[in-house]
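These values consider heavy atoms only, across backbone and side chains, with no hydrogens, waters or symmetry-generated copies. Residue numbers start from 1 in every chain, and the chains themselves are labelled A, B, ... in the order their sequence lines are given, proteins ahead of strands.
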There are 2 protein chains.
Amino acid sequence: MSDDQLRLDQMLCFAIYACSREITKLYRPLLDEVGLTYPQYLVMLVLWEERSATVKHLGERLYLDSGTLTPLLKRLEQSGLVSRARSRDDERVVVISLTEQGAALKQRANKIPHELLCKSNLQPEEFLRLKGEFESLLHRMHHMRQTD
Amino acid sequence: MSDDQLRLDQMLCFAIYACSREITKLYRPLLDEVGLTYPQYLVMLVLWEERSATVKHLGERLYLDSGTLTPLLKRLEQSGLVSRARSRDDERVVVISLTEQGAALKQRANKIPHELLCKSNLQPEEFLRLKGEFESLLHRMHHMRQTD
DNA sequence: AACAATTAGATTGTGCACAATTGAATTTAG
DNA sequence: CTAAATTCAATTGTGCACAATCTAATTGTT
C-alpha cells in the first residue's frame with residue numbers, strides 16, 4: 001500500500017507540471033510570431049494592463065523573483081519593448097515602462113488568447129471552471145507556503 | 001473588448017504555470033531531505049515502478065526529451081542512484097537501471113506523498129477529483145499538439 | 001544624529017526545458 | 001543487398017527558475 005503511494009499516475013503534482021509544459025508548447029508557435037517567450041509574454045501582459053510597474057510589483061503578480069526577472073527584463077529592453085530606470089523617489093526601485101514599440105505589440109498579441117482557446121477545443125464555460133479550480137489551488141498552495 | 005482578452009487574471013495558462021511552480025516549492029523541503037530535485041524525483045518514481053527503463057521510455061512517461069534527460073540522468077548516476085548502459089540488442093538504446101542505493105531510497109521517499117497531501121490541506125476525494133481534471137486536460141493538450 | 005534592521009534589485013551558481021543539430025545504429029525500400 | 005529513411009541518444013545554445021549572497025538605499029530605534 002505504501003508502494004502504491006509513489007506511483008507516478010497517482011501524482012497530482014505531475015499532472016499539473018506536465019500540463020503546464022504542454023500548454024506552454026501550445027503557445028510557442030503563436031508567441032514566436034510576436035518574438036516573445038512565454039515568461040516574457042506574462043510580463044508584457046502586466047505592462048499592457050498597467051503601462052509601467054516596478055520589478056517588485058511584477059514579481060508579486062507573476063510569483064517570480066529578481067533573479068528571474070532582472071535578466072528577462074534586460075532582454076525585453078534589448079528587444080526595445082521596455083525601458084528600465086531607477087525611481088527618483090526611491091533609488092532602490094527600478095521602474096519598468098512600455099516603450100512605444102512595446103505598447104504597439106499589444107495589437108499583434110490580441111489574437112493570441114482566442115487562437116489558443118480554439119486550439120484547446122475547450123468550451124468557454126469549461127475554460128472558466130478549470131481556471132477557477134487552478135486559481136483556487138494556486139492561492140491555497142501559495143498561502144500554505146507563506147504560513148508554514 | 002479585445003483589451004480584456006489580454007488581462008493576466010483571465011489567463012488559464014498563467015494559473016496553471018504558477019500553480020505548478022508553487023507545488024514544486026512545497027516539495028522542495030521534502031525532496032532536499034532525500035537529495036533529489038523535483039524532475040529527478042519524477043524519474044525515480046518511474047524507476048521505482050519499473051526497476052529499469054530506456055531514456056526514450058522515461059521521456060514518454062514524463063514528456064521530456066533527451067536534451068533534458070541526458071544531463072539529469074548523468075547527475076543521478078553521479079549520485080550513485082542509477083546506472084546507464086547501452087543495450088546489447090540495440091546499440092542506439094540506453095537503459096537506465098536502479099542501483100541498490102537507488103532502490104533503497106524508495107523507503108525514505110515513501111512518506112513524501114502523504115506529507116504533501118497533509119501540507120496541501122486537500123481532502124482525499126478533492127485531491128482525486130482535481131487529479132482527474134488536470135489529467136484529462138493534460139491528455140487533451142498533448143493530443144492536440146500531436147495532431148496539429 | 002547614529003546605527004541597526006529592512007527593503008529592492010542585482011549577481012552568482014546550479015539545474016532544468018527545449019529547439020536544433022549531430023552521429024551512430026537500425027529499419028525500410030527499391 | 002544497398003541506399004535512403006528513421007530512430008535513439010547526445011550535444012549545443014538560449015532562456016528560464018530559484019536559492020543564496022551581495023550592495024546600496026531607506027526606514028526605524030534609540
Sorted by chain and residue number, the side-chain contact (heavy atoms from CB on, under 4.5 Å) partners of B:Leu105 (sequence neighbours excluded) come out as B:Val34, B:Leu36, B:Trp48, B:Leu81, B:Arg108
Polar atoms only, N or O, under 3.5 Å: list the protein pairs with nucleotides 7-11 of chain D and their distances.
residue : atom : partner : partner atom : Å
D:dT7   : O2   : B:Arg92 : NH1          : 3.1
D:dC8   : OP2  : B:Lys56 : NZ           : 3.1
D:dA9   : OP1  : B:Val55 : N            : 3.4
D:dA9   : OP1  : B:Val94 : N            : 3.0
D:dA9   : OP1  : B:Val94 : O            : 3.4
D:dA9   : OP2  : B:Lys56 : N            : 2.6
D:dA10  : OP1  : B:Arg84 : NH2          : 2.7
D:dA10  : OP2  : B:Thr70 : OG1          : 2.6
D:dA10  : N7   : B:Ser66 : OG           : 2.6
D:dT11  : OP2  : B:Lys74 : NZ           : 2.7

Can you pull the ring-ring contact (aromatic ring centres under 6.0 Å, His included) pairs that have at least one residue in residues 81-105 of chain A, sequence neighbours excluded?
none
The complete set of ring-ring contact (aromatic ring centres under 6.0 Å, His included) pairs with one or both residues in residues 89-122 of chain A, sequence neighbours excluded, reads none
Residues that B:Tyr38 engages under ring pair (Phe, Tyr, Trp, His ring centres under 6.0 Å), provided they are two or more places apart
A:Tyr17, B:Tyr27
Nucleotides bounding contact with chain A, strand DNA chain C, heavy-atom threshold 4.0 Å:
C:dT7 to C:dA19
Taking five pairs at each terminus, the helix from C:dA1-D:dT30 to C:dG30-D:dC1 shows an axis bend, to 10°, of 20°
Would you say the rings of B:Phe14 and A:Phe134 are close, in the sense that their centroids are separated by under 6.0 Å?
no
Partners meeting side-chain contact (heavy atoms from CB on, under 4.5 Å) with B:Thr70 (sequence neighbours left out):
B:Ser66, B:Lys74, B:Arg84
Sort and list the pairs that fulfil ring-ring contact (aromatic ring centres under 6.0 Å, His included) and have at least one residue in residues 49-70 of chain A, not counting sequence neighbours.
A:Tyr63-A:His142
How would you list, by chain and number, every residue that makes a side-chain contact (heavy atoms from CB on, under 4.5 Å) with A:Arg28, sequence neighbours excluded?
A:Asp32
Could you list the residues that satisfy side-chain contact (heavy atoms from CB on, under 4.5 Å) with B:Leu117, not counting sequence neighbours?
B:Ser120, B:Leu122, B:Phe127
Closer to the 5' end of DNA chain C via nearest nucleotide, is it A:Arg28 or B:Asp89?
A:Arg28
Which residue pairs pass the side-chain hydrogen bond (donor to acceptor under 3.5 Å, both in side chains) test with at least one member in residues 91-103 of chain B, sequence neighbours excluded?
B:Asp90-B:Arg92
Taking for each residue the nucleotide of DNA chain D with the nearest heavy atom, is it A:Leu72 or A:Glu91 whose nucleotide lies nearer the 5' end?
A:Leu72
